[in-house]
Amino acid sequence: MVRRPVAWIVAVVLFAEALGIAAVNWFLGVVVDRQDMSLAGLDPDMMSVSSKIGGVVFGLYFALCGLVALLVALRDRAPAGLGRVLLISAAVVHGLLGAFAWGLLGAAEFVFMVVMLGLIVLLLMTYDRPEQPAGPADATPEGGTGDGSAGGSGGSAAGGTDDGRAGDGSPVTPPPAPTAR
């Protein structure tokens with residue numbers, strides 16, 4: 001299966017991105033603080049602190065997304081609820097960052113963001129649907145073996161059960177869908 005390795009790769013890269021984003025923004029905050037220059041009348045201390053806070057918040061966001069991917073890899077189950085929303089938002093963020101990277105940084109950064117976007121979407125899509133739908137049609141009749149007979153006896157001559165159901169345990173076959181002419 002491709003699901004677990006993709007989840008592991010996404011988790012590792014998101015943790016690396018979390019550290020990288022936090023470190024770069026912290027470094028930029030230190031640079032602004034040491035230059036002690038004003039940009040259009042803005043307070044340099046406020047710019048420094050906001051850069052550091054933004055880096056920490058964005059780093060924690062990517063770390064939380066990485067934790068969701070790590071849990072998906074460990075449990076081999078689809079992310080649900082807030083975890084799914086976090087991974088979808090991480091995919092959107094990578095798409096937007098990829099668009100900005102193309103114009104500002106270059107093709108290599110764009111390719112990285114698009115590959116990461118693809119991996120997150122692949123992670124979400126491989127866990128999207130179960131292989132076989134579970135429902136009342138799959139349930140076996142009481143005491144039955146799933147072949148339409150109650151314990152191997154009592155089936156009707158048409159291959160169904162005595163109560164009018166089809167032999168596979170499902171209700172009567174629905175009529176064909178109407179067509180527009």
Exercise for the section: Indicate if Val115 and Val6 have the same hydrophobic cluster label, given that clusters are the connected sets of ILVMFWY residues with side-chain heavy-atom separations under 4.5 angstrom. Expected result: yes
### Query
Side chains of Leu67 and Leu64: closer than 4.5 Å at any heavy-atom pair?
yes
Atom pairs and distances, donor-acceptor, side-chain atoms in residues 87-96, under 3.5 Å, two or more places apart:
residue, atom, partner, partner atom, Å
Ser89, OG, Tyr61, OH, 2.7
Ser89, OG, Val85, O, 3.3
Ser89, OG, Leu86, O, 2.8
His94, ND1, Ala90, O, 2.8
His94, NE2, Glu17, OE1, 2.7
His94, NE2, Glu17, OE2, 3.1

Under 4.5 Å between side-chain heavy atoms, hopping through other hydrophobics if needed: is there a path connecting Val13 to Ile120? yes
When every non-hydrogen atom of Ala63 is compared with those of Ala18, the smallest separation belongs to N-CB, 3.5 Å
Here the pair of heavy atoms bringing Ala22 nearest to Gly59 is CB-CA, 4.4 Å
When rounded to the nearest 0.5 Å, the distance separating CE of Met113 from CG of Leu97 is 5.0 Å
Following the transitive rule for hydrophobic clusters with a side-chain heavy-atom cut-off under 4.5 Å over Ile, Leu, Val, Met, Phe, Trp and Tyr, establish whether Leu123 and Leu82 coincide in one cluster. yes
Here the gap from Asn25 atom CG to Ser50 atom OG, rounded to the nearest 0.5 Å, amounts to 9.5 Å
Donor-acceptor contacts, no H, no angles, side chain residues 28-35, under 3.5 Å, sequence neighbours left out:
none

dist Leu74:CG -> Arg4:CZ (nearest 0.5 Å) comes out at 7.0 Å
Which atom pairs, one a donor and one an acceptor, fall under 3.5 Å between side chains of residues 103-112 and the rest of the protein, sequence neighbours left out?
none

Closest non-hydrogen atoms of Pro79 and Leu124, given as atom of the first, atom of the second and distance, are CG-CD2, 4.1 Å
* Under 4.5 Å between any side-chain heavy atoms of Ile9 and Leu119, yes or no? -> yes
Given Val72 and Arg77, is the side chain to side chain contact (heavy atoms under 4.5 Å, CB included) satisfied, shown in steps?
CA-CA 6 Å; Val72 167; Arg77 282 192 306 200; over 6 Å; no
Test side chain to side chain contact (heavy atoms under 4.5 Å, CB included) applied to Leu122 and Arg3, step by step:
CA-CA 8 Å; Leu122 182 64; Arg3 295 190 299 193; over 6 Å; no
